[in-house]
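All chains are named by letter (A, B, ...) in the order of the sequence lines, taking the proteins before the strands, and each is independently numbered beginning at 1.
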Amino acid sequence: MAVTSPPIKTKPKFDFTPYLFLIGPLTLYLVWIIAPMFYSFYLSTTDWDGISPDAKYIGLSNFETLFGSMGKRRTSPFEYALVNNLKWLLTFITIPVAMGLGLAIVLNQNVKGDRFFKMGIFLPQVLSLPVIGLIWAWVYNPRDGFINPLLTSLGLADPPSWLSDKELVIWAVIFAAAWRQIGYIMILYVAGLKNVDIRLLEAAKLDGANAWQSFRHITFPLLAPVTTIVVVISVIDSLRSFDLVWVMTKGGPANASTVLAVLMYIQAFNNYKMGLGAATAVVLFMISLVFIVGYLWRIMKDEMEY
Amino acid sequence: MTTHPPTMTKSTAMEGPKTKPISTTRILLYVFIIGFTLVYMAPFFGAIITSLRTQDDITLNGFWSIPTAITFENYPRAWEQGNVNRYLLNSFIITIPALIGTIFLSSLSAFALARYKFPGNQLIYFIYVAGTMLPFQILILPIFLLSNATGLYNTYWSLIVTHVAFQMGFCTFVLRNFMKTLPGEIMDAARIDGASEWGIYWKIVMPLTVPGIAAVATLEFTWIFNDYLWALMLIQDDSLKPVTAGLSTLQGQFITNWPMIVAGALLAALPTLIVFFALQRYFIGGLTLGSGK
Amino acid sequence: MSNFSKKFAVLVVIATLALIAAQCGGPTPTPVTIVETVEVEVEKIVEKEVTVVETVEVEVEKIVEKEVTVVETVEVEVEKEVEVEVIKEVEVEVVKEVRPIIYNSYNSDPGPRAFDEKMVALFNEQNPDNPLDHSVVQHEDFKQAIRAYLVADPAPDVMTWFAGNRGRFFIDRGLIMDISDVWEEEGWNEDYPKGFRAMSEVDGKAYFVPSNWYWWAVFYRKSIFEEHGIAPPETWDDMLAACDTLDGAGLIPITIGTKFRWTAAAWFDYINMRLNGPEFHLNLMLGNESYDDPRVKATFMKWQELFDHKCFIDDAAAYSWQEAIDPLAQGDAAMYLMGQFIMDSVPEDVADDMDFFRFPIIDPDMPIGEDAPTDGYFMSVNAQNPDGGKDFLRFIGGVEAQSMMVEDLGRLPVHTGVDQELFTPMQQKGIELIQGADLVVQFFDRDTTPEMADVGMNGLMDFWADPYDEDLLDEIILDLEATRAEIFDSAE
């Protein structure tokens with residue numbers, strides 16, 4: 001058998017092979033994901049009720065309805081949803097990220113039994129969101145729950161009403177979501193830290209850099225790719241949030257904990273306004289698009305370097 | 001909630017990994033880690049304890065009391081009366097074919113995208129990557145209509161197809177990047193020996209991709225298994241529901257009986273917990289693979 | 001390599017099993033197999049000695065470090081001696097395909113669920129050739145899921161639903177089957193009181209089978225009232241005084257769980273009816289009266305007085321309606337404005353201590369209105385088994401099923417053929433309560449459209465969260481009126 005082979009050139013003639021490999025998966029993807037996405041765009045410009053055969057084209061009035069409801073003294077459901085999604089997003093890209101990074105660094109210090117701690121902190125990530133929702137609904141339950149009976153027995157007369165206080169409720173839900181998220185981020189950073197060359201840190205120490213300086217100027221910049229990913233994941237997860245809210249509060253009280261996905265579900269399936277529901281989903285999509293494009297841009301740059 | 005990086009890095013820099021004097025910072029570090037982990041897992045432990053008690057006990061004495069009795073009967077009750085057995089079986093019937101379909105179809109596209117240069121390669125790759133980040137809520141209404149039109153609505157297949165389609169973006173992304181790292185010479189050599197392109201995919205690249213597949217499959221298993229919204233949308237028959245959606249029926253059935261509900265929730269979580277503990281290495285590998293290079 | 005093949009083989013086996021399972025566990029509407037066993041004996045005796053020589057080509061591919069692929073072809077000869085002896089008994093199954101009746105129900109609470117299952121079992125026993133496939137969906141989820149059920153194909157045959165306006169949307173869009181023939185054949189036009197026919201029909205055609213109804217009232221713990229010397233309040237002032245007494249004693253006067261918002265809607269219904277009369281209330285629900293009518297605001301202001309007197313439990317929104325029963329059952333709370341179905345969830349040992357009274361009178365000059373919702377069944381126009389579905393309706397709307405429902409759940413029957421002797425004192429009292437009313441309505445979210453109800457209940461929840469913010473109240477009322485105008489005025 002020939003061991004020495006002539007250098008292979010990429011074949012000049014048009015090659016159908018890759019398309020044959022792609023045809024199956026790509027067809028499914030286009031039919032089941034991409035086409036439905038565009039169909040939602042179309043629905044968002046109609047007043048369809050989901051049943052009647054005819055859907056009237058009404059231009060952008062669904063969007064006008066949504067955005068027009070904002071800024072009133074009484075917060076509209078859409079405004080609650082939008083603001084809550086943003087609160088969720090901002091929380092997610094800061095606190096769990098910082099905590100995940102902190103834990104990763106702490107557990108990276110040759111800690112004995114670090115595997116056990118990592119597993120413990122990662123555990124919630126494995127549970128499904130309805131399970132997390134049920135557990136936390138119980139944790140917050142004012143009578144039979146975990147927190148408030150403890151606070152009462154510690155002498156606090158009037159503990160916060162986590163899930164029924166309009167100001168507090170969304171934070172209570174986000175807290176539960178963050179509880180699930182931190183382990184995920186920690187694991188990503190733990191993996192990232194493996195690639196940080198310890199010698200760099202030692203050299204920096206020799207040069208008299210203190211811990212904060214070497215973190216600030218060496219570790220953190222080296223972790224930049226991980227951080228990008230972590231932020232993207234956090235953004236996407238925060239925009240997708242539905243399950244926890246649905247299981248824990250159904251968006252209540254009075255919409256105070258609703259998010260765009262829940263609102264969409266209510267509009268479409270409770271109020272029979274498919275068009276408005278689709279418009280809400282499109283708004284959600286537009287927010288994600290900013291991040292999707294940013295991320296694609298980064299990947300594209302990577303690809304070009306090949 | 002506080003963040004700790006600055007102080008913690010300090011302790012590293014002070015000691016370095018080689019010498020290990022038992023300093024006070026080191027002790028504080030352990031106290032912190034152990035304390036933190038315990039507090040972190042408290043809701044989980046609390047849930048387990050609750051599931052072993054009776055509602056009457058909790059109602060009378062509150063959660064923060066010494067249990068008057070420990071009972072395991074909530075689990076068999078949730079299992080049978082709460083139908084968790086049926087729901088879990090459904091979850092597997094949905095998850096396993098969906099998982100295999102996802103991996104298989106993704107590996108095909110990943111192979112094409114990783115190993116060939118052709119017009120549209122980058123575009124298709126970006127479509128897949130963009131799809132992974134789609135807020136899937138935008139697909140709910142159309143996919144509901146689509147599965148209804150294709151007669152898949154209210155069958156396992158509606159969920160299987162939807163999961164395969166939706167998870168394919170992520171899997172393709174991971175596997176494509178994994179396959180890109182394989183040395184190209186193997187393929188070239190095989191080609192010279194007259195191997196077909198399919199043969200190269202199936203007999204050379206796929207076996208070498210097994211570590212990547214194992215990692216991504218473990219991760220996908222939990223993602224598909226844990227889905228809730230699609231199950232809520234695409235299944236109406238109680239006997240077909242996966243366990244995530246079934247929990248809500250369970251909750252309706254046992255309303256204020258927290259021990260029962262929590263026991264059901266823990267049972268529902270069991271398969272993913274087992275997969276996680278048994279295949280931890282792959283699981284974490286999948287996460288890090290997915291986060292790109 | 002071979003390792004991979006093995007792994008792959010395992011995967012394939014699992015996949016195949018899963019697919020088989022997927023087929024078997026099957027998307028229900030699977031046909032039910034009715035097996036009539038015909039025994040056919042087939043005996044085949046094969047005795048042969050066979051020698052098989054198989055030539056197997058094994059391709060072994062190895063990846064050598066030099067990155068050369070070697071393909072070896074090995075010829076293997078296998079000799080096998082096969083002795084086959086087959087004696088077979090074959091059961092031939094004669095399969096009649098009957099699609100089961102698909103019945104989706106929202107009866108997820110323990111009591112109604114048990115009763116539902118009992119009915120299904122009974123029906124299946126009586127109709128072995130026409131089995132019923134029963135799915136229970138969580139009550140609150142059902143309210144959204146039904147929208148999908150009705151446009152799905154195949155749609156469930158029979159579904160639970162509410163009488164009144166909530167079905168109207170579906171009927172108007174042609175999604176509900178006309179079952180006038182069932183009414184006709186079963187003689188329900190005579191055996192059901194006229195009011196029930198009226199709430200089941202549109203343009204003279206019947207679409208709904210009302211199967212039971214119940215009354216709303218303030219349920220209370222007799223022992224707590226006795227202990228504190230409280231008589232069941234008859235007027236608004238009595239009610240406020242009772243709150244003061246109970247609150248002073250460190251008890252929760254009224255418990256309520258508003259996690260699902262409709263519990264709060266009952267308070268709006270009643271205060272509005274007692275203050276402004278049931279006629280105005282019904283017209284408001286139907287979109288004929290405006291929400292910016294000063295009478296609506298007066299209702300809220302009246303409601304506020306209950307907050308002044310600390311009538312309600314704290315953190316109401318944290319509880320589902322069932323969870324809010326706990327304080328009542330434990331003797332921490334005294335009253336709960338609820339439908340008769342509260343008795344399904346009250347623990348047995350407390351049930352004897354429960355009684356109810358009519359919602360207090362606010363303006364003695366106003367006629368008396370009561371909420372008395374009717375529940376029942378309808379069928380999808382896409383039903384795959386319309387005959388079977390109608391059989392189930394006949395069964396569930398008949399005297400036998402309704403009598404059992406009276407006994408098991410304490411609801412009131414629609415069929416006049418149900419023996420009056422069955423009624424417990426509590427049911428008798430409930431009937432009297434309704435008979436004493438000048439106008440009976442369904443309920444907040446059953447008398448108006450789903451969207452109006454959604455916006456309305458959100459308004460009520462906003463009010464509940466801060467009952468003293470009058471500017472907020474004005475905004476709520478403005479929003480309600482805007483929604484009403486959009487829905488009802490444009491429809492004309």
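A parallel orientation is assigned to the rings of A:F21 and B:W198, their planes being inclined by less than 30° (bins at 30° and 60°). Using bins of under 30°, 30° to 60° and over 60° for the plane-to-plane angle, the ring pair B:F144/A:F269 lands in the perpendicular bin.
At most 12 heavy atoms of other shown residues, nucleotides or ligands fall within 6.0 angstrom of atom CZ in A:F116. Counting heavy-atom neighbours within 6.0 Å of A:I23 CD1, excluding the residue itself, gives a total of 12 or less.
When atom types are taken as modelled, the side chain of A:S40 and the backbone of B:I138 share a donor-acceptor pair closer than 3.5 angstrom. Side chain of B:Y116 to backbone of A:Y19: no donor-acceptor contact under 3.5 angstrom is found. Using a distance-only test at 3.5 Å, with no hydrogens or angles considered, a donor-acceptor pair links the side chain of B:Y40 to the main chain of A:W179. Judged by distance alone, the side chain of A:R240 and the main-chain N or O of B:L134 form a donor-acceptor pair under 3.5 Å. Within the 3.5 Å criterion, the main-chain N or O of A:V126 finds a donor-acceptor partner in the side chain of B:N226.
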What verdict does the side-chain contact (heavy atoms from CB on, under 4.5 Å) test give for A:N141 and B:W258, after you've listed the backbone C-alpha separation in whole Å, the side-chain angles of each residue and the deciding distance to 0.1 Å? CA-CA 10 Å; A:N141 187 286; B:W258 282 107; 3.6 Å; yes
Take A:I121 and B:F36, measure what side-chain contact (heavy atoms from CB on, under 4.5 Å) needs, and give me the verdict at the end. CA-CA 9 Å; A:I121 293 168; B:F36 184 88; 4.0 Å; yes
Should A:L134 and B:V262 be marked as a side-chain contact (heavy atoms from CB on, under 4.5 Å) after you check the CA-CA gap, both sets of side-chain angles, and the distance that decides it? CA-CA 7 Å; A:L134 282 181; B:V262 171; over 6 Å; no
Could you go through the side-chain contact (heavy atoms from CB on, under 4.5 Å) check for A:Y39 and B:L139 one step at a time? CA-CA 9 Å; A:Y39 193 70; B:L139 308 176; over 6 Å; no
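Evaluation of the side-chain hydrogen bond (donor to acceptor under 3.5 Å, both in side chains) rule for A:W32 yields B:T162 as partners, not counting sequence neighbours. In terms of the side-chain contact (heavy atoms from CB on, under 4.5 Å) criterion, residue partners of A:A279 (sequence neighbours excluded) are, by chain and number, A:S44, A:N62, A:F63, A:L66.
Heavy-atom pairs under 4.5 Å with chain A peak, among B:G46, B:A112, B:A165, B:A130, at B:A165.
With a 4.5 angstrom heavy-atom cutoff, A:R115 touches chain B only via side-chain atoms.
To the nearest 0.5 Å, atoms CG (A:L123) and OG1 (B:T37) are separated by 11.5 Å.
Scanning both residues, B:M133 and A:S288, for their nearest heavy atoms gives O-CB, 4.4 Å.
At least one side-chain heavy atom of A:Y265 sits less than 4.5 Å from a side-chain heavy atom of B:M233.
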